[in-house]
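Before any comments, here is the structure.
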Amino acid sequence: MSTFLLVHGAWHSGECWDRVVPLLASAGHRVLAPTLTGYGDKVHLAGPEVGLNTHVDDIVGLIKAEDLADVVLVGHSYAGLVISSVANDIPDRISDLVYLDAMVPEHGETAADVMPVSRGLIELALKSDSGWRVPPLPRLPPPGGLFGITDPADIAWVRTMLSDQPVRCLQEPVRLDNPAARAIPRTHIHCTVGKPEGMARRPVPAIQPNGEPARVWELPTGHDCMVTMPGELAELLLKLR
């Protein structure tokens with residue numbers, strides 16, 4: 001039995017994994033899908049002091065509290081920054097890193113460095129009345145939809161779990177200075193449909209930091225593939241075990 005730890009991206013909550021969790025669990029694995037500070041049932045904890053480091057502490061704290069090992073750590077979107085930093089802090093606990101249509105940072109980079117379109121969101125938040133709230137992205141015409149979701153029922157469901165993103169999450173840099181973290185195998189899963197302009201991902205290097213060839217898989221769906229293609233996503237994740 002392995003442990004899958006699924007980390008949601010910006011604006012979402014752990015509820016977004018509800019269609020994937022039972023599929024992994026039914027294969028005999030332990031699955032955790034926590035909600036990060038400031039989202040979902042923890043939205044009351046949101047504030048200008050919440051940032052990337054807060055979310056890294058959330059996941060490191062959970063892994064230590066549950067005494068988890070051999071963890072397949074999956075990060076969606078913004079959470080690519082989170083899982084990278086978690087692996088830097090506790091590499092001995094992580095067996096695999098999975099970047100699910102995610103930001104893949106280098107040492108010292110912020111979300112705005114990895115995806116420059118984030119700079120506009122930061123500027124809008126800093127000029128807003130709150131000074132720190134980044135509202136969820138709007139629904140786009142098909143095939144963009146809401147985070148790549150076009151089915152009206154799915155859009156309505158996902159909207160129930162969305163909340164504002166603290167701007168500090170997009171401003172704090174990752175720290176990737178632990179050589180032991182480079183040995184952790186990485187898998188990249190790309191969603192190929194409905195990418196808005198400015199949201200293009202960086203090319204994945206042909207060689208992983210551990211010296212092995214890059215492992216890149218694709219799903220023919222939009223960004224929130226855990227909602228639109230949960231079965232296919234679960235099948236890919238199970239290939240790692």
Side-chain angles (χ1 to χ4, degrees), residues 6-20 33 35-36 38-40 43 46 52 55 74-82 98-105 109-130 132-171 188-204 216-233 236:
L6 313 177
V7 187
H8 65 82
W11 300 294
H12 292 58
S13 74
E15 187 181 359
C16 70
W17 301 103
D18 278 4
R19 296 176 180 177
V20 178
T35 292
L36 300 172
Y39 309 98
V43 70
L52 171 63
H55 297 152
V74 182
H76 178 241
S77 195
Y78 153 77
L81 304 180
V82 178
V98 180
Y99 293 87
L100 180 57
D101 219 36
M103 298 183 183
V104 185
E109 287 190 322
T110 68
D113 295 317
V114 180
M115 191 165 287
V117 70
S118 302
R119 293 170 187 163
L121 301 177
I122 292 170
E123 290 177 9
L124 289 174
L126 294 177
K127 293 177 182 177
S128 69
D129 290 341
S130 71
W132 62 271
R133 292 182 179 273
V134 181
L137 297 179
R139 181 178 179 179
L140 301 174
L146 182 69
F147 299 104
I149 304 167
T150 56
D151 179 80
D154 286 344
I155 288 174
W157 176 54
V158 168
R159 276 184 168 153
T160 66
M161 68 184 76
L162 297 180
S163 55
D164 292 344
Q165 171 92 345
V167 71
R168 188 183 291 264
C169 300
L170 307 179
Q171 296 174 305
H188 302 264
I189 302 177
H190 294 165
C191 301
T192 61
V193 176
K195 288 289 178 188
E197 184 135 359
M199 301 292 281
R201 71 180 67 82
R202 288 174 170 173
V204 174
V216 181
W217 297 331
E218 293 185 345
L219 286 172
T221 189
H223 185 57
D224 276 11
C225 58
M226 73 288 289
V227 174
T228 57
M229 297 187 76
E232 292 84 349
L233 173 58
L236 291 181

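Treat the numbers as computed from the prediction; the structure is a model and nothing was measured.
Contact annotation: the side chain of S77 never approaches that of M103 to less than 4.5 Å [non-hydrogen atoms, C-beta and beyond]. The shortest side-chain heavy-atom distance between R139 and I155 falls under the 4.5 Å cut-off. Residues V104 and V114 form no side-chain contact, since every pair of their non-hydrogen atoms from C-beta on lies 4.5 Å or further apart.
Atoms CZ and CG, on R133 and L124 in that order, are 15.5 Å from each other to the nearest 0.5 Å. Residue W157 holds its CH2 atom at 12.0 Å from CG of L146, rounded to the nearest 0.5 Å. Between atom CG of residue L162 and atom SG of residue C16 there is a gap of 9.5 Å, rounded to the nearest 0.5 Å. Rounding to the nearest 0.5 angstrom, the gap separating the CG atom in L233 from the CG atom in D224 is 11.0 Å. How far CG of L100 is from SG of C191: 5.5 Å, rounded to the nearest 0.5 Å. Atoms CG and CD1, from L140 and I149 in turn, are 12.0 Å apart once rounded to the nearest 0.5 Å.
A79 and V7 get closest at one heavy-atom pair: CB-O, 3.5 Å. Nearest heavy-atom pair, W17 versus V74, reported as atom, atom and distance to 0.1 Å: CH2-CG1, 4.2 Å. Between I122 and A112, the closest heavy-atom pair is CD1-CB, 4.0 Å. Taking all atoms of both residues into account, the shortest heavy-atom contact from P220 to V193 is C-CG2, 3.6 Å. Of all heavy-atom pairs between G148 and T228, the closest is O-CG2, 4.3 Å. Smallest separation of non-hydrogen atoms from P105 and G80: CD-O, 4.0 Å.
Within the structure, side chain to side chain donor-acceptor pair (under 3.5 Å) contacts touching residues 116-129 (residues at least two apart or in different chains) are S128-S130. Sorted by first and then second residue, the salt bridge (Lys or Arg N to Asp or Glu O under 4.0 Å) pairs involving residues 142-152 (not counting sequence neighbours) form an empty list.
Paired with H76 under the rule ring pair (Phe, Tyr, Trp, His ring centres under 6.0 Å), one option of H223, H8, H190 passes, and it is H223.
In terms of the side-chain hydrogen bond (donor to acceptor under 3.5 Å, both in side chains) criterion, residue partners of D113 (sequence neighbours excluded) are, by chain and number, T110.
Between F147 and W11, the ring centre distance stays below 6.0 Å.
Side-chain atoms of R19 do not come within 3.5 Å of backbone N or O of P230 as any donor-acceptor pair. Side chain of T35 to backbone of G40: no donor-acceptor contact under 3.5 angstrom is found.
One finds no salt bridge joining R159 and D154 here, because no Lys/Arg side-chain nitrogen approaches an Asp/Glu carboxylate oxygen to under 4.0 Å. Look at R202 and E109 and you find a salt bridge, because one of the NZ, NE, NH1 or NH2 atoms lies within 4.0 Å of a carboxylate O, short of that distance.
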CA sep, side-chain torsions, deciding dist, call: Q165, Y39, side-chain hydrogen bond (donor to acceptor under 3.5 Å, both in side chains): CA-CA 8 Å; Q165 171 92 345; Y39 309 98; 2.2 Å; yes

L121 and L137: CA distance, side-chain angles, deciding distance, side chain to side chain contact (heavy atoms under 4.5 Å, CB included) verdict: CA-CA 9 Å; L121 301 177; L137 297 179; 4.1 Å; yes

